[in-house]
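These notes are about the structure you will find just below.
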Amino acid sequence: MTERSRWRRLLVPTAIAVTALAGVIADTGTASAATSQDFGPTVVTGIPAAPPVGTPATQLVVPMATVSTPVTAGQTAYVYSELRAYDADQVNLVDNEVRCSGAGASNVVMGENVLPPTGDPAHRDITVVTRFLVSATSTGTLNCTLYLRTASTSSSVAQETVSGTLRFAATSVGEDTNGLAVQQSLPVGELPVTSAVTAPVVDRTLPPGYSQLAVIADVEYHRCAGTDPCTANYSTASFTLTATTSGGSSCASAPPATTQESVPRGVNHAAIPLYTIVTLAPGCTHVHAQVTTTHVAGDTGSVGAAAAGLTDSTGQAGSTPNHTSAMTHLFVVPS
């Protein structure tokens, strides 16, 4: 399955879920106080060239859009963004990072490499989605900014064109019985996929009154786990999202969402979106959801967990100030 066909298949039901399940669609605007903002097309130049081996790469970090919304303590917002990258003249890293601050704090980043005209057609024009839940820890204003993080993997300074959108798909979604967002992200580290890995996992009890759940996962998959020579120069893996409900009679399971991706050398890593939906029968208030990544062929890959030491602005990994951003994550939007 190609990158473009994978996104066409998965983004449509996700858009439906945003409308039908989240129930609150933001107004479109361009001001910093807007709850939705589009950007681009913008030609990004001066993308730093790859440094000598053994030297940390410099990432160009560019804020592309900012949205804001008033929230009350304990409220959970659903943040949704898309970053499209194309017309690259080198093999470039393209990360879609969203950082939220103010009345709540959360950082999430997903990324891939975009290829130049000589590269695989499926990766010359990519769309990276970053979506997650963020909880308000105080009453006030929640601010979220989408940052393009990009660097050339060649010895040449590069350019590319980007466009996209950032919005609050919903400013208030349901929580579990403890009042917590139904979400799980992986901690810092890599999970080698030698056979199969099941992570992340969400296992929660919901208050009564919900009728339907949208179950959403994003997996950051890396071609090489770093434990093998990676001589095949590609890694193929399958990704399956499952969700079951329990607690009552005739409790339903969601149709499994599954896809397979082959990540070649050069592309190096891929953002894998997964989505399914399940109807809640009366009393079926417990949900168990998980993602299983299975090695299919080629090199041993890995599931990317949280990324530590990301520079707040243009610079090298570890430069101060810096922060950690979640990568692979799973969340549930009840309605």
Note, [X] side chain near [Y] side chain (heavy atom, < 4.5 Å):
X	Y	result
M327	H222	yes
T240	T294	no
L83	V94	yes
V108	V98	no
L280	S211	no
N143	S68	yes
T171	Q75	yes
F132	S185	no

Check whether the side chains of [X] and [Y] place a donor and an acceptor atom closer than 3.5 Å, and report yes or no.
X	Y	result
S319	Q316	no
E97	S325	yes
T292	T198	yes
T165	D38	yes
E175	T76	yes
T153	N113	no
H295	S195	no
T145	T66	yes

Any chance you could measure [X], atom [atom1], to [Y], atom [atom2], to the nearest 0.5 Å?
X	Y	atom1	atom2	answer
Q59	L310	CD	CG	6.5 Å
L166	Y80	CG	OH	11.5 Å
T127	R84	OG1	CZ	6.5 Å
C284	L213	SG	CG	10.5 Å
L330	L241	CG	CG	6.0 Å
R131	Y275	CZ	OH	9.5 Å

Compare every heavy atom of R223 with every heavy atom of S235, then report the nearest pair and how far apart it is.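 That would be CB-O, 3.3 Å.
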Determine the minimum heavy-atom distance between A199 and L186, stating which atoms define it.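 Scanning both residues completely, I find the closest heavy atoms to be CB-CD2, 3.9 Å.
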With the 4.5 Å side-chain cut-off for hydrophobic clustering, are V114 and Y234 part of the same group? no
Is there a path of hydrophobic side-chain contacts, each under 4.5 Å between heavy atoms of I/L/V/M/F/W/Y residues, joining V129 to Y86? no
Excluding L93, membership of its hydrophobic cluster (Ile, Leu, Val, Met, Phe, Trp, Tyr; side-chain heavy atoms within less than 4.5 Å) reads none
Hits for side chain to side chain donor-acceptor pair (under 3.5 Å) against R204, two or more places apart or cross-chain, chain-then-number order -> D176
Which of these passes side-chain contact (heavy atoms from CB on, under 4.5 Å) with R149: T311, N96, L60, V62?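 Of the listed residues T311, N96, L60, V62, the side-chain contact (heavy atoms from CB on, under 4.5 Å) partner of R149 is T311.
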May I have all residue pairs that pass ring pair (Phe, Tyr, Trp, His ring centres under 6.0 Å) and include part of residues 183-221, sequence neighbours excluded? Y221-F239
Would you say the side-chain atoms of T285 pair up with the backbone N or O of T205, donor to acceptor, closer than 3.5 Å? no
Would you please classify the geometry between the F331 ring and the H329 ring as parallel, tilted or perpendicular, with 30° and 60° separating the classes?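 It falls in the parallel class, under 30°.
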